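As the structure lists them, so they are numbered: ligands from 1, and atoms in each ligand from 1. Predicted model only: the values in this text are computed from it and were never measured.
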Amino acid sequence: MSKTHTNETMAEMEKAWLVGILFNETRQSLYSPAEAKDDVVTHLNELEALLETLEVKSAGRTVAAVKKPSAALLLGSGKTDEIIEQAKEAEADLIVFDENLSPTQQRNWERASGLKVIDRQEVIINIFADRARTKAASLQVQLASCQYHLPRLAGAWQHLSRQRGGSYGTKGEGEKQIELDKRLLLKKIAKLKEELDEVKKQRGTMRKLRSGKKLFTCAIAGYTNAGKSTLLNSLTGSDLDANNRLFDTLDPATRNLRLTGGKEIIITDTVGFIRKLPHQLVEAFKSTLEETLIADLIILLLDASSSEVKNHYDASMDVLKEIGADKNKKLIVFNKVDLCNDDISLSMLRRDFPGSVFISAESGENLMQLEKEIEKAASGDDSGVYLLIPPSKYELIQLIRKTGIIVSEEYTEEGALIEAAVPGYILPQLDQYSIEKPE
Ligand SMILES: Nc1nc2c(ncn2[C@@H]2O[C@H](COP(=O)(O)OP(=O)(O)OP(=O)(O)O)[C@@H](O)[C@H]2O)c(=O)[nH]1
Ligand SMILES: [Mg+2]
């Protein structure tokens, strides 16, 4: 896919014919047929938005019902011909499936249509490639892309195999070429993995340094475009890029945040999720996604103004499960309430997600409540202490303020009388100043 960025070339933007599949099992699921079709249409709208990100415009779409997926084409041959005809009539340059295509299906479609045929996974990998800015992101995307293309190599040289197919026991030119390409790609994959290991090591050291400080860590996770970067900016006064584009953030960004009660935490913004995030990307981005896995608290941020909010929740939970972060402590936060003028859907969300927080990262609405909830989570395992700290040790009060919460403080001639909740790891430093609970 070409990625043109100038106005003159906008006229030459590639055009895609979109194909959504209505599987028979979807029809028999909990939904009525109409609801199942609505889902396919919504997903196609999302695919259209993803393609726009790559400056590919939609030439039209087909929603095809499939009773039994065919191994060769996914669809039946009649439907296949019909779609190819529609795509050609609309002068589409490529056909894009919202479902995953097997390498064989993709190859057969390309052969039948003479057009480029790709699936949703390849679209997402292309967007990630377009967005990668840092070495780590670029290596991870390249790795995902190579792994996606490895099983698809066979198609590229089949014409040679057919022309020059060797006799029994010998190999045709095409097959030789495929093996050569395969070896090259495998070599590249091995090299990318090596380079990534290096980057990971450096990241690991940074993470260790951070965890050495033992501050509470919080990761903002959620569907792409939910407002994760905007939230980190509003909470910490940073100026990370936050644009109305899908997958704007690929690299994790970490900031320190002092909560209103004084406690200091570490907060991370990271790559967004999407329905059917390609497995190769999840694998390749494991080290980036690990920022979420190691978090003491995951803020699962959702766009309350989207009609798809519940599906976004499900898709986000699926990705969290895939990276093993489904058991982490979570706080569900609904963003963009400033855009919601429908009180009914907000009350339904309140009912379905008790304990969740409703904010606007953009206008700042309810951010104080969010901070309080984070503070609560961060203090969940803290122990209550009563202390008499002599003036010569007043630097300990700073430590308590930074890591825990001071409930009351009173300064006397002997020192400071402090009642506080503090995390276990600073208790040894405070032990000798501990006193009985005052009457
Ligand atoms: N009206 C409104 N817009 C918001 C709010 N929060 C974020 N936005 C907008 O939503 C868009 C996406 O915000 P980002 O912060 O980039 O979203 P993200 O979750 O980081 O997105 P990715 O990095 O692409 O996954 C931007 O145009 C923001 O200005 C909000 O509370 N209200
Ligand atoms: Mg972002």
| task | Mind telling me whether Tyr223 and His312 have parallel, tilted or perpendicular rings, with 30° and 60° as the class edges? | result | parallel

Do ligand 1 and [X] have nitrogen or oxygen atoms that lie under 3.5 Å from each other?
X      : value
Thr249 : yes
Ala226 : yes
Ala361 : yes
Ile359 : no
Asp241 : no

Hey, which atoms in ligand 1 end up nearer than 4.0 Å to a heavy atom of [X]?
X      : result
Leu339 : 1 (N)
Arg245 : 24 (O)
Asn225 : 11 (C), 12 (C), 17 (O), 18 (P), 19 (O), 21 (O), 22 (P), 24 (O), 25 (O)
Thr224 : 22 (P), 24 (O), 25 (O)
Ser360 : 30 (C), 31 (O), 32 (N)
Phe247 : 24 (O)
Gly272 : 25 (O)

Select one of side chain, backbone, both or neither to describe which atoms of [X] lie under 4.0 Å from any atom of ligand 1, heavy atoms only.
X      : result
Asn243 : backbone
Asp248 : both
Asn335 : side chain
Asp338 : side chain

Donor-acceptor side-chain pairing of [X] and [Y] below 3.5 angstrom:
X      : Y      : result
Glu322 : His279 : yes
Asp251 : Thr134 : yes
Trp109 : Thr80  : no
Asn225 : Asn244 : yes
Arg61  : Asn45  : yes
Thr42  : Glu46  : no

| Whether Glu110 side chain and Val117 backbone form a donor-acceptor pair below 3.5 Å |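 Yes; at least one donor-acceptor contact below 3.5 Å.
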
| message | Can a donor-acceptor pair be found, under 3.5 Å and without considering hydrogens, that links the side chain of Asn108 to the backbone of Leu73? | response |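 The answer is no, because no donor-acceptor pair under 3.5 Å joins these two groups.
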
Any chance [atom1] of [X] has more than 12 other-residue heavy atoms, nucleotides or ligands included, within less than 6.0 Å?
X      : atom1 : value
Lys15  : NZ    : yes
Gln369 : CD    : yes
Glu91  : CD    : no

| field | Residue Thr230, metal the Mg ion (ligand 2), N/O/S under 2.8 Å | value | no

| Heteroatom test (N, O or S) for Thr224 near the Mg ion (ligand 2), limit 2.8 Å | no

At what distance is the nearest protein heavy atom to [atom], and which residue and atom is it?
atom                    : answer
atom 29 (O) of ligand 1 : Glu362 OE1, 2.8 Å
atom 14 (P) of ligand 1 : Thr230 OG1, 3.6 Å
atom 18 (P) of ligand 1 : Lys228 N, 3.4 Å
atom 17 (O) of ligand 1 : Gly227 N, 3.1 Å
atom 10 (O) of ligand 1 : Lys336 NZ, 3.1 Å

| Evaluation steps, salt bridge (Lys or Arg N to Asp or Glu O under 4.0 Å), between Glu82 and Lys79 | CA-CA 5 Å; Glu82 188 188 315; Lys79 196 72 192 172; 3.3 Å; yes

| request: Compare every heavy atom of Tyr425 with every heavy atom of Pro428, then report the nearest pair and how far apart it is. | output: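 Taking Pro428 first and Tyr425 second, the nearest heavy atoms are CD-O, 3.6 Å.
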
